Amino acid sequence: MSSSSSSSYDSNPFLHANIFSRFFHHWVSPLLKKSRKNGVLYLNDLYDLPPHLYSKELTDKLEKNWFDEVKRCPDNPSLIRVTLRTVGWKPFAQSILLFLNGLLQIIQPLILTVLMGFFEPCSSMPSWHAWLLAFATIIAALSSSLIVNEYVHRIDIYAMQIFIAYTGLIYRKVLRLSLYSMNSITSGEITNLLVNDANQVQFVAVFMNHLWIAPIQVILVIFVFWYFVKYIAFIAIGYTAFLLLIQPLYSRMFVSIRTKILQITDERLKIMSEIIKSMRIVKMYCWETAFIQKICLIRKREIIQYTFYAICDCIQLIFSYNYTTLIFLMMYGTMWSLNIRLDTRFFAISSCLLGFMRVYCIDFFSNAIRDLSNYLVARKRIEKFLLLDECERDTRLLSSSHLEISSSNKIEIINNITQEVQVKCNLKEAHWEKNGLFKLQNIIFDAHPGDLICIIGAVGSGKSSLLQTLTGEIGFFEGKVRLHGSFCYVPQEAWIFSSTLKNNILFGKEYNHKLFQRVIQATALDTDLEQLSQGVNTLVGDQGVMLSGGQKARVNLARALYRNADIYLLDDPLSAVDVKVSKHLFEKSIQHYLCDKICILVTHQIQFLQDATKIIVLDQGKMIQMGTYNELISSSSSFAHLLEDINQQEQQQIAANIQQQQSIISSIYSEKEDEDEATSNIDTKQQGAIKWTVYTSYIKAGLGCVFGSFFILFLLTAYQATFMYSSWWIATWSDDESHRYRNYNQCISTTIENRSHLYLMSDNEWNIYRNQKFYSYCGIIILLLILTFLRTFALELMCLNAGRVLHNKMFRRVIRCPIAFFDTNPIGRILNHFTRDILIMDTDIVMDVPDFLNCLSAVLGTVILIGLLNPWAFIPAFIGIIGMLIVRYRFARCFRDLRRITEITRSPLYSYLSSTIHGLKVIRSYHAEQMCSQQFLSYLDQNIRADYLTKVVERWAAIRFDWTSFTFLALVTLCSMLVRIYKQELSTADIALTLSYSLNLMGLFQWTIRQSVTVETHMTAVERILEYCSLEQEPSVQLSLNNRLSNNWPSHGQIVFRNVSMSYSNDDKTSLVLRNITITIQSEEKIGIVGRTGAGKSSLIQVLFRMGLLVNGQIEIDNIDISTIPLDDLRSRISIIPQDPVLFTGTIRNNLDQFDNYTDQQIWNALDQVQLKTLVNDTMSNGLDSLVSENGCNLSVGQKQLICLARAILKQSKILVIDEATANVDNATDELIQQAIRDKFEECTVLTIAHRLRTIIDSDRILVLANGEVLEFDTPSSLLANSNSYFVSLVEQTGLNEAEYLRTLANRTNTKMKSVTQKTISDDDDIILIMNENDPLLV
């Protein structure tokens, strides 16, 4: 990034500008000069926000009014009333400016009709009178322009204020949502509220005043028409009223279609969000194709609804685009049938006024109705969201921390501060859903400082639910829970936000070096920090992708310890780390650091229960036992038996080790210690003008062939030629009528002589002539209507098709990206392409591209027509074009960069919102809502800085464009006056067309130029999408027909690693995560893989799935090099039970069988084998079609893991990989999984990563890794026989009893293997070679 990006923020010159500088927006000119000089703008180049756009003040005001509204009208609160109380009536007062503009727009054609008298043959009007009228026309146009620009600027500011307040209000509501409400709405739907719904208020604000100004303007036009044609005026008024009255019908249609579109968009974003968050799992399961089909099908439904919307829009546009011509047809047709004379002056004034009415009374009124209907839909969705149930923590608990955020119950809280720190729980009943089958019942206990209370129980017994009841998060609650003192909650699934490791631990607290170092040492993070290049300032990525599971758990615990709270609620933080670290955490963090605190610990670690002050045993939501370890062990045989079924030790291991994380971070980021965390969320930004390849790619996606482009060009040309011809036809007809009936006594004129044949016609000949004129005009208008529909629909369909094609292409490219792409890009950044950028393609570009092309063809057609009528008009046209291009050059680059910065600064908003949703429980337990709100609003302020300047620069350009247009109008009028003065006569029809079209062209010309810039800036969305359409893809190899894999490959399951080295990046500085691995795994062999954090265990699995970079060596499965096999074929032939049990929103059936490959009976059998059939069939309401919530949050972690096991059973692959699959389940469930693996995968090759040694002690061989190298590889008994073995040290760390038990299991397995071996030898002597093979252990 250039040095300009590092400059300090500029204070806003607006605050010091004088009234003229503010009115003409001259204060922003230095920014435009800076943009042209530097070639590109960066965020730090932008001016600060003016005070009236600060998000905190606006959000506070709207939130206060919303709370008042809910109190005032609890049954039916209205966001509209709240909005009006927040911004007041000032936006509506601006309608005075709109009314003044309407008056000036009506006065202009009246002056023009008087001026036309100067151009009539033998006119007696003095020249000075004509010059005065011409000057008045220009002044009226200038005044109208200044008024309109000031009105639009003010309305833009009010619209931004409401949008800012809505956005802040929605985010603050997220912070208060109950977990029950969170289960009823997805993160994608919440994101959609910000992307689509909150944005609707900006659109409705721009046009809302036209709802009542348009009827007033229509009444004024009635008086003008009545003066000229009396009751014929009612035709125009009737048609106008008809168009206005059918707007509600269109509105209903648009609302209905828009609602369906939003529902489909919500569905698409929800699924995409889950896919991107779980991309590693998607790739391992080889589900890319299934999700591509699913997303493309949803996108197709979305585009179909957009097409219906476009058809309705086209029908509406037929009547609005041809508003002037249809009224001329009806009025002139009536006058023709009644034999009423036509008049050129009436044509001129009608042409101007009808053009004005079409824009201001029809188009703007239609836009107002459409945007109002869209806003009403959005408002209902936002209201529904704002009325969702909120967390009742503050009403259930009395923690002293609430002093920071609540003033309710103030006296009671203050009294409680003086009480002893304690926890009192008298829980009668608690459950997540009303009438839910699972509930907590009759749990009573208390705790005091120094107490360590351990909560144990089987999977699904309610341990986590009990902790969340203590935090006040559970949905429905009956009883009394009191937490006297501040508390911290550490969830089972660690929450890490995208920032530095240091910021994740501090979490808003001031930095205390001594305290920070104590926490680092207590959580065993000091060793990890030494291996990270940036230390505590290492950026951890979105959701902590740069950290292993164990590191995330320890950072989570460190964050809690740094708070120095009174009460700690720890949900199994020891499961994610190995034996040694687990012991360190328990001794240093829980026993020592928290020795004087209340600590309530959910755990499966039986070796730590003896140190507990009290043990609570849960079963199916009930407290069945409570007491000390000695009391329970002596009084209850069931407790002793239960200990055999409870977790003993575990570790959660991540795919990439520390060195990989270090290398990726080093190659992507360069970070200084206190650098703002927003840096990690900044998206890439293209520089300079949009390349032509972007336009050609978009057109190719939309039309698909050259013929389509020619067809669109033909429709545009044909429409414009027909429209111009219709205007010329009606003008000459009016002029003919004037000449026939006007008396030109004693007047000699070339024009009169040329029309002399009209005077000589008989009445019968004249009637035939008039009939021909009218019938021809009818034919022209019918052709015009057909071309209007074809042109509009073809353009919109082209844009919609381009949106569909590019969306699907982008998704296919993204889902096939290497996994490193998702590790280094926050989810908000990726989702921004599928939300905001796609929205721009589907809505903004679909409207702007056809509008720009229509305007461009209209400008070219008008200039050509005026030039043909008066060739001197080409001179002002040329000058006007040059002036427009100069203004465009001055502002286009700056405007384009501002739009790009606006889009880029929007990504952190979505990332932070997504992170907040996933960490909501942690945020609330730390009472960090205010801090998170401030951070989110700071991101919002950054985004609004760019958006505000974008709108100001747009107004700056609009005013300058208008000045250029006035110059053009003045020069055209001057040329016409000079031609008339020097006796080169123009016909009245010619001058009527020239001046009326010049007036209309004045606004059309500058609007076309502005639309060209708008289209260009909106094309940045296409540019960003095309950037993702060219992302690097995972390597794939296509096999020739002769080398196709057989359907049963691999048939044996033999795996051979030959000198394998692996890295996660092709950067030369990147360290190897696997080094020269050479091992052979025989068919049907069961291999256990162990090692410390960062040893390379998960990397070994990653390279087997080809998800890392194979630096050298090769891997063979059944004698086939996997690098020669297509990825889908490879991954689909290997089963995996992943470390993180991931479920997707949908049904149980979909989560087990994405491709519908299995029958219901097969699925039920798989569920029965993992003992989930009862849960799905009896507890869940719809069996296999029962819904799974987002992230599977309506199931426990253990249940989700069992579903992953059921997937593997269904797949029946010859090779099974188990990556810490039992890290979050108790021993009973672990043994269930192990038994299922032994039974169902007896003839399979099984690789198991585990630190629960019971899990892998019965393996055929155990692979011990360290620093990416093979340390040991032998049978368990052989390793245990070697007292110097590293594996032996791991066994001894489990304790004497557990170590003895593990040795017994290993000996039992060894004895069994010997008996099998002897039997096998007698059957086949060749197997002796295999059984006696001495595999090299240290390579």
Side-chain angles (χ1 to χ4, degrees), residues 23 52-53 58 62 78-108 140-141 143-166 198-222 240-241 243-248 250-251 254-255 316 320 323 353 355-379 847 948 951-952 954-955 958-959 962 1003 1007 1010:
F23 187 81
H52 56 270
L53 290 177
L58 293 169
L62 183 68
S78 171
L79 189 60
I80 295 178
R81 288 196 296 266
V82 173
T83 305
L84 290 176
R85 280 198 293 270
T86 302
V87 298
W89 293 94
K90 291 180 181 179
F92 303 99
Q94 307 307 314
S95 58
I96 297 174
L97 294 176
L98 210 55
F99 177 73
L100 292 175
N101 173 63
L103 286 178
L104 291 171
Q105 293 282 352
I106 293 172
I107 290 172
Q108 287 179 56
S143 302
S144 173
S145 169
L146 294 176
I147 290 173
V148 166
N149 281 300
E150 182 62 17
Y151 168 79
V152 172
H153 175 66
R154 293 186 181 185
I155 288 297
D156 279 345
I157 296 300
Y158 292 127
M160 290 178 67
Q161 288 177 333
I162 303 173
F163 166 74
I164 293 167
Y166 274 28
N199 214 30
Q200 291 300 326
V201 71
Q202 295 201 77
F203 299 135
V204 75
V206 173
F207 295 111
M208 63 182 177
N209 285 321
H210 290 278
L211 290 172
W212 49 88
I213 292 298
I216 297 174
Q217 292 171 335
V218 169
I219 293 172
L220 293 176
V221 172
I222 290 175
T240 304
L243 290 183
L244 296 180
L245 290 175
I246 64 171
Q247 289 306 314
Y250 282 120
S251 175
F254 288 140
V255 167
Q316 183 187 30
S320 60
Y323 172 78
L353 288 181
F356 159 72
M357 288 181 64
R358 186 184 79 82
V359 174
Y360 285 89
C361 301
I362 302 300
D363 290 351
F364 288 176
F365 186 84
S366 300
N367 291 341
I369 292 290
R370 182 196 65 202
D371 292 336
L372 179 62
S373 61
N374 289 340
Y375 169 74
L376 293 177
V377 173
R379 186 258 309 177
M847 290 188 297
Y948 165 69
K951 287 180 167 52
V952 172
E954 190 175 21
R955 283 303 102 208
I959 291 175
D962 282 347
W1007 176 254
R1010 286 169 55 196

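These numbers come from the heavy atoms of this one structure, side chains and all, not from hydrogens, waters or symmetry mates. Source: prediction; values computed, not measured. Numbering starts at 1 and runs along the sequence shown.
Scanning both residues, S144 and Q108, for their nearest heavy atoms gives CB-NE2, 4.1 Å. Minimum interatomic distance between V87 and P91 (heavy atoms only, all atoms of both residues): O-CD, 4.1 Å. Here the shortest heavy-atom pairing between M357 and V218 reads CE-CG2, 4.0 Å. Pairing each heavy atom of L353 with each of Q105, the nearest pair is CD2-O, 4.3 Å. Taking every heavy atom of both residues into account, H210 and P215 meet most closely at O-CD, 4.1 Å. Counting all heavy atoms, side chain and backbone alike, F203 lies closest to D371 at O-OD2, 3.5 Å.
Separation of atoms CZ (F365) and CD (Q217) is listed at 11.5 Å; rounding is to 0.5 Å. Atom OG of S95 is separated from atom CG of L211 by 11.0 Å, given to the nearest 0.5 angstrom. If you take CD on E150 and CD1 on I155, they are separated by 10.5 Å, rounding to the nearest 0.5 Å. Atom CG of N101 and atom CD1 of I147 lie 6.5 Å apart (nearest 0.5 Å). For the atom pair CZ of R379 and CG of L372, the computed distance is 9.5 Å after rounding to the nearest 0.5 Å. Annotation: the span from L84 atom CG to L79 atom CG amounts to 9.5 Å, rounded to 0.5 Å.
The aromatic rings of H52 and Y948 sit perpendicular, their planes meeting at an angle over 60°, well past the 30° parallel limit.
In this structure, the side chains of L97 and R154 come closer than 4.5 Å at one or more pairs of heavy atoms. Residues N374 and V204 form no side-chain contact, since every pair of their non-hydrogen atoms from C-beta on lies 4.5 Å or further apart. Side-chain contact check for I369 versus F254: every heavy-atom pair is 4.5 Å or farther apart. Inter-residue side-chain proximity for Y158 and Q94 is flagged as met; some heavy-atom pair is nearer than 4.5 Å. L376 has its side chain within reach of I80: a pair of non-hydrogen atoms, C-beta onward, lies under 4.5 Å apart. The shortest side-chain heavy-atom distance between Y323 and T240 falls under the 4.5 Å cut-off. At least one side-chain heavy atom of N209 sits under 4.5 Å from a side-chain heavy atom of Y151. Using a 4.5 Å heavy-atom threshold, the side chains of Q316 and L243 count as separate.
Side-chain atoms of Y166 and T83 form a donor-acceptor pair, as typed in the model, at a separation below 3.5 Å.
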Next on the checklist: The test is side chain to side chain contact (heavy atoms under 4.5 Å, CB included); show your working for R955 and V952 and say whether it passes.
Outcome noted: CA-CA 5 Å; R955 283 303 102 208; V952 172; 5.7 Å; no

Item to check | Full working for side chain to side chain contact (heavy atoms under 4.5 Å, CB included) between T86 and I162 | outcome: CA-CA 8 Å; T86 302; I162 303 173; over 6 Å; no

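With sequence neighbours left out, A159 forms a side chain to side chain contact (heavy atoms under 4.5 Å, CB included) with Q202, A205. Among residues two or more places apart in sequence or in another chain, the side chain to side chain donor-acceptor pair (under 3.5 Å) test is passed with S145 by N149, D962.
Checking side-chain atoms of S143 against main-chain N and O of A140 turns up no donor-acceptor pair under 3.5 Å.
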